[in-house]
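Right, one structure below, let's go through it.
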Amino acid sequence: MSELDTFLMSDATSNETMMLVCLDGFLTAIVSGPVMPKPSEWLPRVWGPTEEDAPTFDSNAQAERIIGLIMRHLNGIVWTLHQDPDQFEPVFDTNVFDGDEREYVDGEMWAYGYMTAIDMQRDSWKAVFESRHGAVVLRPIHLLGAADVTPEEEELVKTPTQREELSKQIPVSIEWIYKFWAPQRR
């Protein structure tokens with residue numbers, strides 16, 4: 001993963017390119033959702049929201065290698081969720097803050113990636129939004145990753161401790177979402 005991480009942070013990509021943590025969330029939503037879109041539908045969004053964000057590869061071989069690493073990461077998520085969804089472990093950031101030596105788990109960028117993928121396919125996710133438990137299950141991901149949170153919701157993610165607690169709820173949410181869509185997944 002370090003080769004992919006290094007490329008994503010390199011000058012070959014734009015400031016809009018997803019970093020590895022965000023990419024992990026994005027790919028997890030693609031895998032755990034109702035429909036697995038074609039790479040041609042989702043891969044451009046990895047690089048950024050516009051065509052100008054596309055990376056500058058040194059060669060076709062490098063492009064194939066990087067896209068291969070992204071696909072390998074996606075396939076690893078597929079395998080884990082298919083084999084044992086309760087063992088899924090998202091790739092989260094950890095942060096240390098001035099005056100506090102404790103290291104906090106922070107799933108904010110992961111959740112942002114997940115929400116980005118949901119937003120790309122919002123209509124196909126409608127059944128989760130309307131389900132009895134959907135709002136509760138999506139709550140930690142929404143609070144940490146949605147762009148459109150209310151001022152009341154912002155209060156729930158102000159501190160590192162709040163973000164860490166929500167982040168720790170995400171693996172259970174992903175297990176539920178994956179199982180929810182399993183009968184319909186195409």
Side-chain angles (χ1 to χ4, degrees), residues 1-82 85 88-95 105-126 128-129 138 140-149 154 157 163 166-167 170-171 173-174 177-178 181 185-186:
M1 266 206 275
S2 65
E3 181 181 355
L4 177 57
D5 193 33
T6 299
F7 179 81
L8 294 173
M9 292 189 301
S10 74
D11 290 339
T13 62
S14 79
N15 290 338
E16 300 296 322
T17 296
M18 293 181 183
M19 297 296 104
L20 189 59
V21 171
C22 186
L23 177 63
D24 187 70
F26 181 77
L27 295 176
T28 301
I30 287 170
V31 168
S32 64
V35 179
M36 180 83 121
K38 295 175 186 155
S40 62
E41 296 171 316
W42 58 260
L43 188 59
R45 186 58 190 91
V46 169
W47 311 124
T50 68
E51 288 182 25
E52 289 77 41
D53 294 315
T56 308
F57 293 108
D58 292 338
S59 63
N60 285 340
Q62 183 190 38
E64 288 175 16
R65 174 75 179 151
I66 296 302
I67 292 168
L69 291 171
I70 292 170
M71 297 307 294
R72 185 184 311 165
H73 191 75
L74 177 122
N75 288 331
I77 296 168
V78 168
W79 189 87
T80 300
L81 289 174
H82 181 72
F88 177 72
E89 292 184 32
V91 176
F92 288 152
D93 285 318
T94 54
N95 295 315
V105 173
D106 191 343
E108 184 175 354
M109 288 311 300
W110 186 95
Y112 176 78
Y114 198 93
M115 291 302 299
T116 299
I118 286 177
D119 289 341
M120 284 177 53
Q121 310 176 39
R122 189 159 283 280
D123 289 344
S124 64
W125 281 74
K126 191 175 182 180
V128 163
F129 304 142
L138 283 169
I141 300 168
H142 169 79
L143 288 173
L144 288 168
D148 59 341
V149 294
E154 281 184 33
V157 293
R163 286 192 302 278
L166 289 166
S167 299
I170 289 175
S173 294
I174 298 308
I177 292 166
Y178 182 78
W181 288 120
R185 192 170 295 111
R186 300 187 292 275

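Only a predicted model underlies this, so the values are computations on that prediction, with no experimental measurement involved. The chain is numbered in sequence order, starting from 1.
The shortest heavy-atom contact between Arg65 and Glu3 is NH2-OE1, 2.7 Å. Between Gly107 and Ser167, the closest heavy-atom pair is N-OG, 2.7 Å. Counting all heavy atoms, side chain and backbone alike, His82 lies closest to Tyr178 at CA-OH, 3.4 Å. When all heavy atoms of Met71 and Pro39 are compared, the pair lying nearest together is CE-CG, 4.0 Å. The minimum heavy-atom distance linking Ser124 with Pro34 is given by the pair O-CG, 3.2 Å. Of all non-hydrogen atoms in Pro49 and Arg45, the two that sit nearest each other are N-NH1, 3.6 Å.
In this view, Phe92 and Trp110 satisfy the ring-ring contact (aromatic ring centres under 6.0 Å, His included) rule, not counting sequence neighbours. Under the rule for a salt bridge (Lys or Arg N to Asp or Glu O under 4.0 Å), the partners of Asp106 that lie at least two apart in sequence or sit in another chain are Arg163. With sequence neighbours excluded, the residues satisfying salt bridge (Lys or Arg N to Asp or Glu O under 4.0 Å) with Asp119 are Arg122. Partners of Glu89 under the side-chain hydrogen bond (donor to acceptor under 3.5 Å, both in side chains) rule, at least two apart in sequence or in another chain, do not exist in this structure. Take Phe7 and apply the ring-ring contact (aromatic ring centres under 6.0 Å, His included) test, not counting sequence neighbours, and it matches Phe57.
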(message) side chain to side chain contact (heavy atoms under 4.5 Å, CB included), that's the test. Do Val91 and Leu23 meet it? Break it down for me.
(response) CA-CA 9 Å; Val91 176; Leu23 177 63; over 6 Å; no
(message) Run the side chain to side chain contact (heavy atoms under 4.5 Å, CB included) test on Val149 and Val157 for me, step by step, so that the C-alpha distance in whole Å, both residues' side-chain angles and the decisive distance to 0.1 Å come before the verdict.
(response) CA-CA 10 Å; Val149 294; Val157 293; 6.0 Å; no
(message) Before you tell me yes or no, could you show the steps for Val128 and Ile118 under side chain to side chain contact (heavy atoms under 4.5 Å, CB included), namely the whole-Å CA-CA distance, both residues' side-chain angles and the distance that decides it to 0.1 Å?
(response) CA-CA 11 Å; Val128 163; Ile118 286 177; over 6 Å; no
(request) Just do the side chain to side chain contact (heavy atoms under 4.5 Å, CB included) check on Val21 and Tyr112 with the steps written out, would you? (result) CA-CA 9 Å; Val21 171; Tyr112 176 78; over 6 Å; no
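Leu69 contributes atom CG, which lies 12.0 Å from atom CD of Glu64 (distance to the nearest 0.5 angstrom). The distance from the OG1 atom of Thr17 to the CE atom of Met9 is 12.0 Å, given to the nearest 0.5 Å. Between Ile30 atom CD1 and Ile77 atom CD1 the span is 9.0 Å, to the nearest 0.5 Å. In this structure, OG1 in Thr116 is found 8.0 Å from CE in Met109, a value given to the nearest 0.5 Å. We find the CE-CG distance between Met19 and Leu4 to be 9.5 Å, quoted to the nearest 0.5 Å. With rounding to the nearest 0.5 Å, the separation of CZ in Arg72 from CH2 in Trp79 is 15.5 Å.
Taking the side chain as every heavy atom from C-beta outward, Met120 and Phe26 approach each other to under 4.5 Å. Residues Thr56 and Asp11 form no side-chain contact, since every pair of their non-hydrogen atoms from C-beta on lies 4.5 Å or further apart.
Formation of a donor-acceptor pair under 3.5 Å by the Asp53 side chain with backbone atoms of Glu16 is not found in this model. Side-chain atoms of Glu41 do not come within 3.5 Å of backbone N or O of Pro37 as any donor-acceptor pair. Within the 3.5 Å criterion, the main-chain N or O of Leu20 finds no donor-acceptor partner in the side chain of Asp24.
Counting non-hydrogen atoms of neighbouring residues, nucleotides and ligands closer than 6.0 angstrom, the CZ atom of Phe88 exceeds 12 such neighbours.
The side-chain hydrogen bond (donor to acceptor under 3.5 Å, both in side chains) analysis of residues 28-40, with sequence neighbours excluded, yields the pairs Ser32-Tyr114.
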